[in-house]
Structure formats: C-alpha cells, structure tokens
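All chains are named by letter (A, B, ...) in the order of the sequence lines, taking the proteins before the strands, and each is independently numbered beginning at 1.
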There are 2 protein chains.
Amino acid sequence: MESTNIHPTADWIFNQAKINIPNISLGTVYRNLKQLSDEGDIRTIHDGAIARYDCNKDRHDHLRCKVCGDLIDVQLFDDDLRKIVKKKYKFEADDVEMTIIGTCKKHTK
Amino acid sequence: MESTNIHPTADWIFNQAKINIPNISLGTVYRNLKQLSDEGDIRTIHDGAIARYDCNKDRHDHLRCKVCGDLIDVQLFDDDLRKIVKKKYKFEADDVEMTIIGTCKKHTK
DNA sequence: AATAATAATAGGAACTATTACTATTTAAGT
DNA sequence: ACTTAAATAGTAATAGTTCCTATTATTATT
Ligand SMILES: [Mn+2]
Ligand SMILES: [Mn+2]
Ligand SMILES: [Zn+2]
Ligand SMILES: [Zn+2]
C-alpha cells in the first residue's frame, strides 16, 4: 500500500493483497486497516459514502478532480486558519477534513 | 425541515414526517431529498458514513464538536482561499466540503 | 362529470460498504 | 510437546441507501 500515493479503498487493497495471499479475507483487510488507523499509522478519509485509506500521515487536505477522479494531496488548512477558528468561533480545532471538488490542471487547455 | 437549523438525517426527517403523514415511506423521503438536492434547494452533506441535509443554501463549512456532537455553520473557505488553490495548484474549485472537528465554546471552562 | 394520461407514493426487495461472530489456524511462551 | 494467546477465513448480520412495482393521487381532455 505504501508503494502507491493513491488513496485506495478497502476493496482495492483486498484485491491487491489477494495476488500474494490468495485466500485472505476482506474482514482481515478491514481489521488491519482499522488497527493501523487507530495507531495513527494511516489515515481514514471519508470520500462520500465510502472509506479510503491514506499513507500520508501529515495533516493535509485533498483536491478531487471531477473529470479524472484524482485525489490530490495539498496543504491548505494551516495554523493561521486554526487561529481564525479559535478567535472567531471560540472553537478548538483538533482535526480537519477538507476536500475541494473541481477540475485539476490536466484538463485546462 | 426548514424550521430547524440542525442537519437532519433522512431517518430523522422520516420520523418527523410520520407525525403528520403516518404512512409515509422512507423511499419517499429519500426521493424528495434527492430531488431537492438536485434542484439546489437543499445541500447534502457527508457526515462520516451517513448523509445529512442542510437547508442553509449558502456555501459554508462546519464545525463538529466531538463533545456534544453539534454541527455548527461557519464561513471559512472564501475567495482568497479559492485563489490560492488556483494559483498554487492550478485547480479550479467548484465546491468545498470542510468539516473541522474539535471542541466548541460550550465546553471551555 | 367521466375518462385518459401522468406523476407520486408505499412497501418491500435489492444493493453495498462495513462490522460482528466463530470455528479454525498460526504463532509464542514454557 | 503442551498451553495460551493472537490472528484469520469464512460467513452472517447490520445500516444506510437505492431500486422496483403495483397502487393511488393528480392533472388534463373530452
Ligand atoms: Mn492524501
Ligand atoms: Mn450547515
Ligand atoms: Zn483531473
Ligand atoms: Zn460542543
């Protein structure tokens, strides 16, 4: 999984794993992903209704291209923004889930 | 639904609707919510694995308090941020889904 | 008002991602 | 080798959502 910078689903990982471990079960995939996520070794991201898993442990955000479906890592939510949230709304931010939907640079003519 | 500023689930709406329309079906709730959402009269927000519906049609973001569960409307992603995304990543942003998880002001002593 | 055409609905089946359960296998400790 | 504990495969169960269809309500047309 670390060999890719994609954001695979449990099902994708399951199918990849089957290449080397033909009789692995989907439950094992979910259990291990949950464990890794709980330990902070990977991140779980909610992409609409389904879960994706992210090896990029640094806090970051995503751009989702509605043309090609790519999910691109970006850094947008920074300490400045955290301070604004704190000052303006008196809200102590622990975590941020931000996905920007639009069109990536591959499709600009 | 407009009478509240909460972010109800389909199930919550279904149960509320049953008070006045005792034999309404869940499918009707989903169908009408989808229609309203498609027409832009409400917004669908993905809260983890489940869908919530939002009457606040203005583009806005959310703070989710992990203590009391509240989902608070805020305005964070602005045109400045959109321009940064455009300049830095050459990405044309159409829509943003941002939820900040943390602790709301009700719980600060 | 009666009839025909169209839209909306209830109720339930089907679907999909995920979780829970359990008997069996694998690994570790002595 | 024996005991204990952890991990797993396989399968059943769950939850949210969508799909389907016969029936009901609404609207348009004679
Ligand atoms: Mn990522
Ligand atoms: Mn809102
Ligand atoms: Zn693209
Ligand atoms: Zn709170």
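Following rounding to the nearest Å, A:Ile21 (CD1) and D:dA7 (P) show an atom-to-atom distance of 15 Å. Whole-Å rounding puts the A:Asp47 CG to C:dT18 P distance at 11 Å. In this structure, A:Phe14 places its CZ atom 12 Å from P of D:dT11, rounding to the nearest Å. The distance between atom CG of A:Asn32 and atom C1' of D:dA6, rounded to the nearest whole Å, is 12 Å. The distance from atom NZ of A:Lys18 to atom P of D:dG10 is 10 Å, rounded to the nearest whole Å. We find that CG of A:Leu26 is positioned 18 Å from P of D:dA7, with the value rounded to whole Å. With rounding to whole Å, A:Asn23 atom CG is found 12 Å from D:dT8 atom P. Note: CG (A:Leu33) to C1' (C:dA17) measures 13 Å, nearest angstrom.
One finds no side-chain N or O of B:Arg31 lying less than 4.0 angstrom from the OP1 or OP2 phosphate oxygen of D:dT18. The shortest distance between the side-chain N/O atoms of A:Tyr30 and the OP1/OP2 oxygens of C:dT19 is not below 4.0 Å. Within the structure, a side-chain polar atom (N or O) of A:Ser25 is placed less than 4.0 Å from OP1 or OP2 of D:dA9.
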Discussion item. Test side-chain contact (heavy atoms from CB on, under 4.5 Å) on A:Ile100 and B:Tyr89; report intermediate values, then the result.
Written reply: CA-CA 12 Å; A:Ile100 299 171; B:Tyr89 305 107; over 6 Å; no

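Salt bridge B:Asp61/B:Arg59: present, at least one basic N to carboxylate O contact under 4.0 Å. The pair B:Arg82-B:Asp79 counts as a salt bridge, with a side-chain nitrogen and a carboxylate oxygen less than 4.0 angstrom apart. Using a cutoff of 4.0 Å between basic side-chain nitrogens and carboxylate oxygens, A:Asp70 and A:Arg64 are not scored as salt-bridged.
Shown here, C:dT3 forms a base pair with D:dA28; the pair counts as Watson-Crick or G-U wobble because both key distances fall under 3.5 Å.
Residues A:His62 and A:Val74 fail the side-chain proximity criterion, which asks for heavy atoms closer than 4.5 Å.
Out of C:dT18, D:dA9, D:dT17, the shortest distance to the side chain of B:Ala51 is found at D:dT17. Comparing atom distances between the A:Ala10 side chain and each of C:dT18, D:dT17, D:dA9 picks out C:dT18 as nearest.
Residue contacts for A:Ile24: at a heavy-atom cut-off of 4.0 Å it reaches the sugar-phosphate backbone alone, with no base atom in range.
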